[in-house]
Amino acid sequence: MKNEILVRYAPSPTGIPHIGNIRTAIFDWIYSKSNHGNFILRIEDTDQSRYDPKSETAIYESLEWLGLSWNEIPGKKPDTLKKSYVQSKRKKLYIQIAQELVNSGNAYYDDTTPEELISLRKKQQELGLPPRYDNRGRYRTKEDIDKSKSNGLPIVIRFKVPQNGSIKFTDEIRGKINFNLSEIEDFVILKSDGMPTYHLAHVVDDKDMGITHVFRGEEWISSTPKHLLIHQALNISTPKYIHVPLILGKDKSKLSKRHGAKSVLEYRDQGYLPEALFNYLVLLGWSPGNDEEIMSKSDIIKKFSIEKISESPAVFDQEKLEWMNGIYIRKLSIDKLSKALISYLEKPEIDGCLPDQIKRPINYSQVKSIAPFIQERLKTLKDSTEMLDFFFLADEDIKINKDDYFTKSNQIKDILKSLNEALNIINKIKKFKSDELELLFRTLSKELNIKPGILFTPIRISVTGKKIAPPLFETLEILGRKRCLSRINKAIKLLKE
RNA sequence: GGCCCCAUCGUCCAGCGGUCUAGGACAUCACCCUUUCAAGGUGGAGACACGGGUUCGAGUCCCGUUGGGGCUACCA
């Protein structure tokens, strides 16, 4: 049986995909999966001046990291090894279609220069008129154009928009939307460098590739009439349009770099799990219709429907993402957590990971022994750096801030007493295990009549260099007797200075 | 400015005419648990933008106002 549903993610390689953009890809992917359709990737690189080769790689990486696998269209060879379709490789097709449109009277050559356009808009604005192209090119003769061409002036092809009547279309989540044609200017479909504009290229490709559903950001609603017009002129059918609500920054404007760099790869590098980002993002603008929030991919695929996509924009909430990431971290097995932690921690110090003086590779079994004690404390993998650097640091590299000892209005002689008792216990204890240690230290706390908190804090600081650290007795055990003794001795010396 | 879209707690969502004295989650506050920090538990505060209709009945339908956003390129 033939697959009916074909959706595409069509980013332009002008920057690293950000959250808003990739959310559309997520919807695309889910929709194709939930309908047993296909999902393809098309690189829309028709703007040569903004093209950035790095971002093309970033697109692949982002998609792969999130697990959004794409297919090729049966019978249509992709343009890259990565199985994506690339518009610049299809240039001839667009030129051919543009010329067809000229031939059929739906488009015309225009030699209006960019400078003329700028001064035209300027004049209009001075007069308080809306800035728009005045369709002057309609009245240029073939001779005019030929002359301009031989003079080396830039020539474009513009679509001839009927200047009366209206055009309407159905957006799958908002219903009917109507526009007056008189408000639409004759727009460029083929640029002077021979490249098509988005308007032409995507219509041609969607038709050529058999795209059935177009998911795109709400910002495209206003230019949809242009796309419809091209469809009409070409006498081809339109796909379904699903304009998804925008993702907004804290200030409620369209999410952009200005809101603090929200590229997908950055989330990866900051220690977020792909499952968490996926889950969070899909909930931004969609819900299953009840209160469920934590859902696996297959859950979501099962429950997804276009009708449940919301029509109002959503503000991106970093804190909720963090919370959700914590949920996903806690769901990981210790083995998986350890591996994720290692691959994160081994990166250079400059990326927020373990200090460079710590030898790589990081030992798996060591991380595995610690992982259970930090698992529920992590919001991101990055948090782990600070939580366990002291496990890997040499004793002499543990930096202690003396002031940390004195926050509870306690006195130095008590602190030294606690530390010396600790030394004593650690020295004498037979089985250096956390439960044994805890037993002895609790007994000591009672004997000395010192509250556990007061007794344990100096030990924690001495051994980890931190006021906040993983559970003390487990920490001691993993560190081992020798290192504990050495660190506490060092701390006593420091305190006596 | 013009055109288009949108409007439930601070934020994300549920609600698709009566079960709404409006439910969940994040954040926030209090308490419990507790060796720090978390995690967890319990509880609190917190919203249907406004005005007209329609209807026996409106958060839910219609219109307007207000507010927010988007578009207005030889960028996508």
Side-chain angles (χ1 to χ4, degrees), chain A residues 10-15 21 44-47 49-50 110 112-114 117-118 121 125 128-133 154-158 171 174 177-180 182-185 187-199 201-202 216-225 243 245-246 248 250 252-254 280 283-294 307-308 310-324 326-327 330 373-379 383 387 438 441-442 445 451-457 459-461 464 466-473:
Chain A
S12 75
T14 53
N21 198 270
E44 307 215 322
D45 59 343
T46 54
D47 185 344
S49 62
R50 292 201 307 157
D110 182 26
T112 312
T113 64
L117 289 169
I118 290 168
R121 284 191 201 105
Q125 273 169 337
L129 295 166
R132 66 169 272 185
Y133 178 64
I155 310 290
V156 301
I157 295 179
R158 282 181 187 269
D171 173 76
R174 289 157 228 276
I177 301 176
N178 192 47
F179 288 87
N180 284 324
S182 61
E183 280 145 15
I184 302 167
E185 63 183 28
F187 55 96
V188 174
I189 55 176
L190 200 74
K191 302 186 258 190
S192 58
D193 66 358
M195 279 294 199
T197 58
Y198 169 81
H199 303 307
H202 93 275
R216 51 165 42 158
E218 194 186 336
E219 75 265 32
W220 289 105
I221 291 179
S222 334
S223 46
T224 303
H243 289 101
L246 259 19
L248 273 27
K250 270 236 178 312
K252 307 235 182 185
S253 70
K254 193 165 134 185
Y280 177 73
L283 248 26
L284 230 43
W286 176 83
S287 92
N290 54 33
D291 290 337
E292 274 184 287
E293 292 200 310
I294 305 297
E307 301 80 71
K308 290 283 182 198
S310 117
E311 38 215 289
S312 53
V315 174
F316 183 82
D317 182 1
Q318 174 85 17
E319 284 184 297
K320 186 151 183 177
L321 204 214
E322 277 175 20
W323 163 78
M324 195 173 278
I327 299 268
R330 273 170 254 136
F373 309 115
I374 62 167
Q375 184 167 33
E376 68 191 24
R377 282 154 239 267
L378 296 171
K379 279 199 162 71
D383 294 341
M387 281 181 203
E438 177 160 11
F441 275 101
R442 290 214 182 269
S445 150
K451 281 194 186 142
I454 305 291
L455 178 66
F456 301 164
T457 299
I459 305 170
R460 173 179 301 109
I461 295 171
T464 66
K466 299 165 198 294
K467 286 196 286 185
I468 298 169
L472 183 58
F473 305 108

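Quick note: numbers below take in every heavy atom, side chains included, and nothing from hydrogens, waters or symmetry partners. Residue numbers start from 1 in every chain, and the chains themselves are labelled A, B, ... in the order their sequence lines are given, proteins ahead of strands.
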Undergrad: Quickly work out the Phe456(A) CZ to C37(B) P distance and round it to whole Å.
TA: 14 Å
Undergrad: Taking the P atom in each of C6(B) and G43(B), what is the distance between them to the nearest angstrom?
TA: 38 Å
Undergrad: Kindly point out which of U36(B), C3(B), C26(B) is positioned nearest to the side chain of Glu319(A)?
TA: C26(B)
Undergrad: Can you tell me how far P in G51(B) sits from the matching atom in C56(B), rounded to whole Å?
TA: 22 Å
Undergrad: Nearest whole angstrom, please: distance from the C1' of U11(B) to the CD of Glu322(A).
TA: 14 Å
Undergrad: In Watson-Crick or G-U wobble terms, both distances under 3.5 Å, what is the partner of C75(B)?
TA: none
Undergrad: Does Arg330(A) make a side-chain N or O approach to OP1 or OP2 of G40(B) shorter than 4.0 Å?
TA: yes
Undergrad: Can you tell me the base-pairing partner of A22(B)? Count Watson-Crick or G-U wobble geometry only, both distances below 3.5 Å, and say none if there is no partner.
TA: none
Undergrad: Rounding to an integer number of angstrom, what distance separates G53(B) and C4(B) when you compare their C1' atoms?
TA: 26 Å
Undergrad: Looking at His243(A), is its backbone amide N or carbonyl O close enough to the side chain of Asp171(A) to form a donor-acceptor pair, meaning the two atoms are under 3.5 Å apart?
TA: yes
Undergrad: Name the nucleic acid region contacted by Gly326(A), choosing base, sugar-phosphate or nothing; use a 4.0 angstrom heavy-atom cut-off, strictly under.
TA: nothing
Undergrad: Starting at atom CH2 of Trp323(A), determine the distance to atom P of C26(B), rounded to an integer number of angstrom.
TA: 5 Å
Undergrad: Has Lys320(A) got a side-chain N or O lying under 4.0 Å from the OP1 or OP2 atom of G24(B)?
TA: no
Undergrad: So what's G40(B) paired with, Watson-Crick or G-U wobble, going by both distances under 3.5 Å?
TA: C32(B)
Undergrad: Quick one: Asp317(A) CG to A25(B) P, roughly how many Å, whole number?
TA: 15 Å
Undergrad: Base, sugar-phosphate alone, or nothing: which one does Glu293(A) contact when heavy atoms must sit under 4.0 Å apart?
TA: base
Undergrad: Looking for any heavy atom pair under 4.0 Å, which part of the strands does Ala314(A) touch: base, sugar-phosphate only, or nothing?
TA: sugar-phosphate
Undergrad: Let's test this: given Watson-Crick or G-U wobble pairing with both distances under 3.5 Å, identify the partner of A49(B).
TA: U65(B)
Undergrad: If I pick the P atom on U8(B) and the same atom on U55(B), what distance separates them, to the nearest angstrom?
TA: 27 Å
Undergrad: Taking atom P in both G69(B) and U11(B), what distance in whole Å separates the two?
TA: 13 Å
Undergrad: Taking the side chain of Glu376(A) as its heavy atoms from C-beta onward, which of A39(B), U35(B), C5(B) lies nearest to it?
TA: A39(B)
Undergrad: Would you indicate which nucleotide in U35(B), C5(B), C37(B) comes nearest to any side-chain atom of Ile177(A)?
TA: C5(B)
Undergrad: Taking C-beta and beyond as the side chain, do Arg216(A) and Thr224(A) meet within less than 4.5 Å on heavy atoms?
TA: yes
Undergrad: Return the value, rounded to whole Å, for the distance between atom CG of Asn290(A) and atom P of A25(B).
TA: 13 Å
Undergrad: Whole angstrom is fine here: how far is it from CD1 in Ile294(A) over to P in G24(B)?
TA: 17 Å
Undergrad: Rounding to a whole Å, what distance do you find between Phe373(A):CZ and U35(B):P?
TA: 16 Å
Undergrad: To the side chain of Ile221(A), which of U35(B), C6(B), C5(B) is closest?
TA: C5(B)
Undergrad: Test your reading of the model: is there a side-chain donor-acceptor pair from Tyr280(A) to the backbone of Glu322(A), 3.5 Å cut-off?
TA: no
Undergrad: How does protein reach along nucleotides 69-76 of chain B, written 5' to 3' as B (base within reach of a heavy atom under 4.0 Å), S (only sugar-phosphate), or - (no contact)?
TA: SBSSSBBB
Undergrad: Using 0.5 Å steps for rounding, measure from the CZ atom of Arg330(A) to the CZ atom of Arg377(A).
TA: 11.0 Å
Undergrad: Sequence neighbours left out, what passes ring pair (Phe, Tyr, Trp, His ring centres under 6.0 Å) with Tyr198(A)? Give chain and number order.
TA: His202(A), Trp220(A), His227(A)
Undergrad: Will you find, in the side chains of Ser182(A) and Asn180(A), an N or O donor that is under 3.5 Å from an N or O acceptor?
TA: no
Undergrad: Paired with C3(B) by Watson-Crick or G-U wobble geometry, both distances under 3.5 Å: which nucleotide is it?
TA: G70(B)
Undergrad: With no hydrogens and no angle check, is any side-chain donor or acceptor of Lys191(A) less than 3.5 Å from a backbone partner on Thr46(A)?
TA: yes
Undergrad: Take atom P in G1(B) and the same atom in U65(B), then report the distance between them in whole Å.
TA: 14 Å
Undergrad: Taking the C1' atom in each of C32(B) and C13(B), what is the distance between them to the nearest angstrom?
TA: 30 Å
Undergrad: Under 3.5 Å, is there a donor-acceptor pair between the side chain of Thr14(A) and the main chain of Arg50(A)?
TA: no
Undergrad: Under 3.5 Å, is there a donor-acceptor pair between the side chain of Thr457(A) and the main chain of Gly453(A)?
TA: yes
Undergrad: Across the strands shown, which category fits Leu472(A) at heavy-atom distances under 4.0 angstrom: base, sugar-phosphate, nothing?
TA: base
Undergrad: When you get a sec, tell me which of G1(B), A7(B), U35(B) is the closest nucleotide to the side chain of Pro130(A)?
TA: G1(B)
Undergrad: Taking a pair as Watson-Crick or G-U wobble with both distances under 3.5 Å, which nucleotide is matched to A27(B)?
TA: none
Undergrad: How many Å lie between OH on Tyr280(A) and P on A27(B), as a whole number?
TA: 12 Å
Undergrad: Taking C9(B) as the reference, what is the distance to G23(B) when you measure between their P atoms (whole Å, please)?
TA: 14 Å
Undergrad: May I ask you to say what Gly289(A) touches in the nucleic acid, namely base, sugar-phosphate or nothing, with a heavy-atom cut-off under 4.0 Å?
TA: sugar-phosphate
Undergrad: Do the ring centers of Phe456(A) and Phe473(A) come within less than 6.0 Å of each other?
TA: yes
Undergrad: Quick one: which of C6(B), G15(B), C26(B) gets closest to the side chain of Glu311(A)?
TA: C6(B)
